[in-house]
Amino acid sequence: MHQSAFIYHRPPASLLYAQIWPRNRPFCGASAELRELHMGRCLHAVVIKFGFGFNNVIISALIDMYGRNNEPGDSLKLFDEMLEPDFICWTSVISALTRSDLYAEALQLFYFMHRHNGFSPDGYTFGSVLTALGNLGRLKQGKELHAKAITSGFCKDNIFVESSLVDMYAKCGLVDESRSVFDQMEEKNSVSWCALLGGYCQKGAFETVVRLFRKMEVDLYSFGTVLRACAGLSVVKLGKEVHCQYLKRGGWNDVVVESALVYLYAKCGSVDFAYRIFKKMPIRNSITWNSMISGFAQNGRGEEAVRIFNEMIQEGVKPNYISFIGVLFACSHNGLVDEGRKYFISMSMDYGIKAGIEHHSCMVDLLGRAGEIEEAEDLIKNSQFSNDSSLWAALLGACTTSTNTTVAERIAKKMMELRPDYHLSYVLLANVYRAVGRWNDAQKIWNRMQKKGVTKTPGRSWIENNSSSSVSFLVNSNIPGEMYNDEKTHSFN
DNA sequence: ATAGGGTTAG
């Protein structure tokens with residue numbers, strides 16, 4: 001008999017394995033330590049032994065279990081081996097991918113499900129897919145899905161869909177849109193609040209975050225957000241209060257909160273304390289490692305930053321775009337020129353990561369400090385950022401100590417071409433001429449600068465910015481009693 | 001079976 005009713009279109013094998021599985025190898029070591037995963041695997045065996053291997057409900061639960069334990073490869077394998085995955089199985093596997101930060105892959109499966117199997121999304125699917133879109137910053141598709149959620153009736157009064165929408169708009173940088181969805185919600189919970197606060201964090205409105213944090217129902221999940229705000233404000237004192245609350249409430253081995261603590265303490269100068277927390281963490285992911293690398297790097301401890309970077313690789317965690325920013329920054333600020341060159345090459349050769357503007361900036365800084373002005377110049381010229389004024393400006397700064405007039409002239413002129421209003425190009429070039437006794441040329445540059453009306457932009461000191469009264473106000477007013485033990489706070493629920 | 005948190009150069 002013809003079985004067309006049961007034919008289901010499978011996603012390409014390349015999507016199921018080649019692309020996804022290798023990328024997640026690094027997580028396996030960490031997940032193996034989770035007892036829940038071990039239990040889950042045992043249960044899986046029991047399921048098969050008792051002949052429930054073809055029960056979609058049970059398999060859905062298993063797919064979800066692997067997803068929650070950062071084993072998206074196992075989720076996919078199970079899914080691929082199913083004879084007739086129903087719509088719920090698709091949703092489970094999409095959410096498993098989203099949970100493991102495989103957003104693009106989750107989206108691919110979602111569109112595949114829709115196009116080839118004719119399944120329409122429901123509230124559950126919308127939640128996961130909107131999360132994926134938000135993390136990828138795909139505003140256009142996000143809006144499309146928002147419209148679809150409204151027309152299909154899954155939007156109104158569905159706290160999952162609405163919270164995901166708040167999150168999606170916040171992550172795409174549209175805080176106002178995010179706020180408007182939030183305001184229209186009939187019922188709000190800590191997830192909705194947290195999503196909104198994340199948007200304010202991204203905009204740099206850290207004071208707002210701390211203020212609102214005191215008004216909302218607080219769960220351990222939201223500690224990550226407020227710690228990010230603390231780091232943004234460099235208020236280590238408030239961060240310590242949050243840390244205490246985390247421990248007091250029985251928080252333990254939460255990789256997100258503890259990574260945020262590592263970052264906060266390191267950013268505020270307590271690198272050794274940060275390192276102690278880092279050392280104690282049984283499960284570390286790439287963000288944890290990155291926090292520690294950049295923590296050492298920012299505190300002038302480049303060698304340790306490099307050491308942590310290498311340890312990360314040894315432990316089987318793949319360095320990403322941000323890891324390389326940290327390690328290159330460490331190299332540039334500690335004169336590790338050869339290492340810097342090595343890592344810059346290794347980034348694309350060994351890890352397939354294309355160097356971005358941040359990496360180029362670090363390299364220009366590194367080479368400039370080492371006096372390798374022409375090498376840095378070539379690097380910029382041969383990159384896709386050859387007309388980026390921030391890179392040329394960094395190089396220009398490095399020329400101050402150089403006596404090579406020809407090169408300095410060339411760079412200053414390039415900079416004048418890109419940014420005619422940038423005063424340092426003129427100042428620097430004039431200084432270079434003076435250093436070699438070309439007084440007339442120096443004077444000409446000064447005249448040209450004045451004729452163009454280029455003026456120095458007023459500077460502001462770091463101290464001035466950070467001793468503003470609003471920050472000290474926050475620190476003093478946020479005593480723990482007020483933050484967490486307020487009766488009203490708890491009855492908010 | 002479903003939603004939210006943490007890392008990014010000058």
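Each chain gets a letter, A, B and so on, in the order its sequence line appears, and its residues count up from 1. It should be emphasised that the depicted structure is a prediction, and the values quoted were computed from it without experimental measurement.
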Exercise. Could you check whether A:Ser192 gets within reach of a base, just the sugar-phosphate, or nothing at all, counting any heavy atom under 4.0 Å?
Key: nothing
Practice problem: Pick base, sugar-phosphate or nothing for A:Val255, based on heavy-atom distances below 4.0 Å to the nucleic acid. | Solution: base
Self-check item: Closest listed nucleotide, where the reference is the side chain of A:His333 and the choices are B:dG6, B:dA3, B:dA9
Solution: B:dA9
Quiz item: Does the pair A:Asp272/A:Arg301 count as a salt bridge with the N-to-O cut at 4.0 Å?
Solution: yes
Practice problem: Would you kindly give the CH2-to-C1' distance between A:Trp289 and B:dG6, to the nearest whole Å? | Solution: 16 Å
Quiz item: Taking only N and O in the side chain of A:Lys267, is any of them less than 4.0 Å away from OP1 or OP2 of B:dG6?
Solution: no
Quiz item: Quick check: are there more than 12 heavy atoms from other residues, nucleotides or ligands sitting under 6.0 Å from CD of A:Glu303?
Solution: no
Quiz item: Please give, in whole Å, the distance from B:dG5 C1' to A:Lys171 NZ?
Solution: 8 Å
Self-check item: Sidechain-backbone polar pair: A:Asp74 side chain, A:Lys77 backbone, donor-acceptor under 3.5 Å
Solution: no
Practice problem: Please state whether the base of B:dG6 and the side chain of A:Asn290 form at least one donor-acceptor pair under 3.5 Å? | Solution: no
Practice problem: Would you mind classifying the nucleic acid contact of A:Asp365 as base, sugar-phosphate or nothing, using non-hydrogen atoms under 4.0 angstrom? | Solution: nothing
Self-check item: Polar side-chain contact A:Ser259-B:dG6 base: donor and acceptor under 3.5 Å
Solution: yes
Quiz item: For the pair made of CG in A:Asn135 and C1' in B:dG6, what is the distance, rounded to whole Å?
Solution: 12 Å
Exercise. Indicate whether OP1 or OP2 belonging to B:dG6 is found under 4.0 Å from a side-chain N or O atom of A:Tyr221.
Key: no
Exercise. Go through the steps to decide whether A:Arg41 and A:Glu71 satisfy the test salt bridge (Lys or Arg N to Asp or Glu O under 4.0 Å), and finish with yes or no.
Key: CA-CA 11 Å; A:Arg41 286 198 198 284; A:Glu71 293 286 4; 3.7 Å; yes
Quiz prompt | Side-chain N or O of A:Ser323 closer than 4.0 Å to phosphate OP1/OP2 of B:dT8 | solution = no
Quiz item: Stacking between A:Phe223 and the base of B:dG5 (centre distance under 5.5 Å, interplanar angle under 30°)?
Solution: no
Practice problem: Figure out the CE/C1' separation between A:Met363 and B:dG10, and round it to whole Å. | Solution: 15 Å
Quiz item: What is the nucleic acid contact for A:Thr91, judged by heavy atoms within less than 4.0 Å: base, sugar-phosphate only, or nothing?
Solution: nothing
Quiz item: In whole angstroms, how far is the P atom of B:dT2 from the CZ atom of A:Phe126?
Solution: 18 Å
Practice problem: For B:dA1, take OP1 and OP2 only and decide whether either is under 4.0 Å from a side-chain N or O of A:Arg68. | Solution: no
Quiz item: Out of B:dA1, B:dG5, B:dA3, which has the shortest distance to the side chain of A:Ala61?
Solution: B:dA1
Quiz prompt | Separation of atom CG in A:Asp219 from atom P in B:dG5, rounded to whole Å | solution = 12 Å
Quiz item: Is any side-chain N or O of A:Asn189 under 3.5 Å from a base N or O of B:dA3, one able to act as donor and the other as acceptor?
Solution: yes
Self-check item: Length of the line joining A:His243:NE2 and B:dG5:P, which is rounded to integer Å
Solution: 21 Å
Quiz item: What does A:Ile325 touch in the nucleic acid at a heavy-atom separation under 4.0 angstrom: a base, only the sugar-phosphate, or nothing?
Solution: base
Practice problem: Consider the side chain of A:Val256, meaning its heavy atoms from C-beta on, and name the nucleotide among B:dA1, B:dG6, B:dA9 that approaches it most closely. | Solution: B:dG6
Exercise. For A:Ser390, answer base if it contacts any base atom (sugar-phosphate contacts may also be present), sugar-phosphate if it contacts only those atoms, and nothing otherwise; contact means non-hydrogen atoms under 4.0 Å.
Key: base
Quiz item: Does A:Lys156 NZ have over 12 foreign heavy atoms under 6.0 Å away?
Solution: yes
Quiz item: Any idea which of B:dG5, B:dT2, B:dT8 is nearest the A:Tyr321 side chain?
Solution: B:dT8
Practice problem: Could you please name the option among B:dT2, B:dG6, B:dA9 that lies closest to any side-chain atom of A:Thr288? | Solution: B:dG6
Quiz item: Of all the nucleotides listed (B:dT7, B:dA9, B:dG5), which has the minimum atom distance to the side chain of A:Ser291?
Solution: B:dT7
Quiz item: Would you say the side chain of A:Tyr422 lies within less than 4.5 Å of the side chain of A:Leu396, judging by non-hydrogen atoms?
Solution: yes
Exercise. Could you check whether A:Ser190 gets within reach of a base, just the sugar-phosphate, or nothing at all, counting any heavy atom under 4.0 Å?
Key: base
Exercise. For A:Asp254, answer base if it contacts any base atom (sugar-phosphate contacts may also be present), sugar-phosphate if it contacts only those atoms, and nothing otherwise; contact means non-hydrogen atoms under 4.0 Å.
Key: base
Practice problem: May I ask you to say what A:Val166 touches in the nucleic acid, namely base, sugar-phosphate or nothing, with a heavy-atom cut-off under 4.0 Å? | Solution: nothing
Practice problem: Output yes when at least one side-chain N/O atom of A:Arg228 is less than 4.0 Å from OP1 or OP2 of B:dG5, else no. | Solution: no
Exercise. Look at all strands and tell whether A:Leu264 reaches a base, only sugar-phosphate, or nothing, counting heavy atoms closer than 4.0 Å.
Key: nothing
Quiz prompt | Proximal nucleotide (of B:dA1, B:dG5, B:dT2) relative to the A:Arg99 side chain | solution = B:dT2
Practice problem: Would you sort out whether A:Lys381 and A:Glu377 count as a salt bridge (Lys or Arg N to Asp or Glu O under 4.0 Å), showing the intermediate values? | Solution: CA-CA 6 Å; A:Lys381 276 189 188 159; A:Glu377 194 188 355; 3.5 Å; yes
Quiz item: Going through the distances and angles, do A:Asp176 and A:Lys203 end up as a salt bridge (Lys or Arg N to Asp or Glu O under 4.0 Å)?
Solution: CA-CA 11 Å; A:Asp176 294 337; A:Lys203 280 260 182 248; over 6 Å; no
Practice problem: Look at the side chain of A:Ser361 and the base of B:dA9, then say whether one donor and one acceptor between them are separated by less than 3.5 Å. | Solution: yes
Self-check item: Nucleotide B:dG6, atom P - distance to CD1 of A:Ile293 in whole Å
Solution: 19 Å
Exercise. Classify the nucleic acid contact of A:Asp122 as base, sugar-phosphate or nothing, counting any heavy atom under 4.0 Å across all strands shown.
Key: nothing
